Q: 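Before I ask anything, here is the structure I am working with.
Remember, it's a predicted structure, so these values are computed and weren't measured experimentally.
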Amino acid sequence: DTPGFVQLSCSSLSTEASIFHRIKINGVVVDQGYTVSRNYNYYCSPLFPVSPGDTLETIGDPVGLSYHTYLYNLRKS
């Protein structure tokens, strides 16, 4: 188990939508917001540091869009 980073990504593809996103780490909201409503809408969060044992919650709305949560481990040198 090594520390790393988390990132949330979403796309609406051809669906017209406003993307709502929220990232919570250990119960604290670190990123939240909306995008403008349009077709081919994309959102990609910044990288947020996480450690082993952290709790992570990602929320996206509306349902039916493509949401992905990525976890990146730190490389050992």
Q: Please tell me if the side chains of Phe20 and Leu65 come closer than 4.5 Å, counting only heavy atoms from C-beta onward.
A: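 No, too far: nothing below the 4.5 Å cut-off.
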
Q: Measuring only between side-chain heavy atoms, which start at C-beta, is Thr69 closer than 4.5 Å to Leu56?
A: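 Yes, side chains in contact.
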
Q: Less than 4.5 Å apart, any side-chain heavy atom of Ser9 and any of Tyr43?
A: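 In short, these two side chains do not touch, never coming nearer than 4.5 Å.
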
Q: Does any part of the side chain of His21, heavy atoms only, come nearer than 4.5 Å to the side chain of Cys10, both counted from C-beta?
A: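 No, too far: nothing below the 4.5 Å cut-off.
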
Q: Count I, L, V, M, F, W, Y as connected when their side-chain heavy atoms are under 4.5 Å apart, and connections chain through other members. Are Leu74 and Leu47 then in the same cluster?
A: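 Shared cluster, yes.
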
Q: Do you know the tightest heavy-atom contact between Ser18 and Tyr34?
A: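 Taking every non-hydrogen atom into account, OG-CD2, 3.9 Å.
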
Q: Rounded to the nearest 0.5 Å, how far apart are OG1 of Thr2 and OH of Tyr72?
A: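 Here the interatomic distance stands at 14.5 Å.
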
Q: Would a 4.5 Å heavy-atom cut-off, applied to side chains only, mark Leu71 and Phe5 as touching?
A: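 When only atoms from C-beta onward are counted, Phe5 and Leu71 do not touch, as no gap falls below 4.5 Å.
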
Q: Main chain of Asn26, side chain of Asp54: is a donor-acceptor contact present, judged purely on distance under 3.5 Å?
A: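 No.
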
Q: Please report the closest heavy-atom contact between Cys44 and Gln7, naming both atoms and the distance.
A: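 So the two residues come closest at SG-NE2, 3.3 Å.
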
Q: So, taking the atom named CZ in Arg22 and the one named CG in Asp61, what distance separates them when rounded to the nearest 0.5 Å?
A: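 Answer for the CZ-CG pair, Arg22 versus Asp61, is 10.0 Å.
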
Q: Same hydrophobic cluster for Val50 and Ile23, using side-chain heavy-atom links shorter than 4.5 Å among ILVMFWY?
A: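 Both belong to a single hydrophobic cluster.
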
Q: So, do Thr55 and Ile25 sit near enough that their side-chain heavy atoms are less than 4.5 Å apart?
A: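 Answer no - side chains too far apart.
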
Q: Could you report the tightest heavy-atom contact between Ser12 and Ile19, atom names first, then the distance?
A: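 Reported closest heavy-atom pair: N-CD1, 4.4 Å.
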
Q: What closest approach, in Å, do Tyr42 and Thr35 show between heavy atoms, and which atom pair accounts for it?
A: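 Heavy atoms only, the tightest pair is O-CG2, 4.5 Å.
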
